[in-house]
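Quick notes on the structure that follows.
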Amino acid sequence: QLQLVESGGGLVQPGGSLRLSCAASGFTLDTYAIGWFRQAPGKEREGVSCLGERGVITNSADSVKGRFTMSRDNAKNTVYLEMSSLKPEDTAVYYCAADRQPFRTFCTISAGRYVFWGQGTQVTVSS
């Protein structure tokens, strides 16, 4: 089965940094476009960032540009979201997801194409 498991969330002060991990099993992660999404209490799910097949193309929301960066570790079949200069408004449950088809170099932060989802990891930014 295709499965994604997020980890690395926690409590951090504003201006701090955090790295989230998304570990894949049942498929080779590098062959899929991967997206990160987040949802704060009472708010709609928001696309954060994505990485295309083999990491050729990336996209991100304007709210996180220059602060969040995605990367892959193919040996560990894991994708990461490096977050810096964190703000209270970044507080949310963060989810990773895989595109419904492999071998897509272009990626989108619109959720419609993503069908394989992790369970989420909580990020809280508070002083």
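- Closest approach of Thr105 to Arg54, counting heavy atoms only: OG1-NH2, 4.4 Å.
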- Go through the steps for Tyr94 and Asp90 under the test side chain to side chain contact (heavy atoms under 4.5 Å, CB included), then give the verdict. CA-CA 10 Å; Tyr94 283 71; Asp90 294 319; 3.6 Å; yes
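- Taking all atoms of both residues into account, the shortest heavy-atom contact from Gln122 to Thr91 is NE2-CG2, 4.0 Å.
- Side-chain atoms of Ser110 do not come within 3.5 Å of backbone N or O of Thr108 as any donor-acceptor pair.
- Distance alone, capped at 3.5 Å, places no donor-acceptor pair between the Arg104 side chain and the Ala33 backbone.
- Minimum heavy-atom separation, Val123 to Leu20: CG2-CD2, 3.9 Å.
- Taken together through direct or relayed side-chain contacts under 4.5 Å among Ile, Leu, Val, Met, Phe, Trp and Tyr, Leu51 and Phe116 form part of one hydrophobic cluster.
- With sequence neighbours excluded, no residue forms a side-chain hydrogen bond (donor to acceptor under 3.5 Å, both in side chains) with Thr31.
- Cluster note: Phe37 groups with Val93, Tyr95, Tyr114, Trp117 through ILVMFWY side-chain heavy atoms spaced under 4.5 Å, whether in direct contact or through intervening members.
- For Thr124 (side chain) and Ala92 (main-chain N/O), no donor-acceptor pair under 3.5 Å exists by modelled atom type.
- Under the 4.5 Å side-chain criterion, counting only non-hydrogen atoms from C-beta, Val64 is in contact with Arg38.
- Nearest heavy atoms, Asn77 versus Asp30: OD1-N, 4.5 Å.
- The ring-ring contact (aromatic ring centres under 6.0 Å, His included) pairs that include a residue from residues 7-29 are Phe27-Tyr32, where partners are two or more places apart or lie in different chains.
- Residues passing the side-chain hydrogen bond (donor to acceptor under 3.5 Å, both in side chains) test with Gln101: none are found, sequence neighbours excluded.
- In terms of modelled atom types and a separation under 3.5 Å, the side chain of Ser21 and the main chain of Tyr80 share no donor-acceptor contact.
- Between Gly52 and Arg72, the closest heavy-atom pair is O-NH2, 2.9 Å.
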Show me the side-chain donor-acceptor pairs of residues 2-14 shorter than 3.5 Å, one per line, residues at least two apart or across chains.
unit_1 : atom_1 : unit_2 : atom_2 : d
Glu6   : OE1    : Gln119 : N      : 2.8
Glu6   : OE1    : Gly120 : N      : 2.8
Glu6   : OE2    : Cys96  : N      : 2.8
Glu6   : OE2    : Gly120 : N      : 3.4

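- Other members of the hydrophobic cluster containing Phe106, listed by chain and number, are Val56, Ile57; membership follows side-chain contacts under 4.5 Å among ILVMFWY residues, whether direct or relayed.
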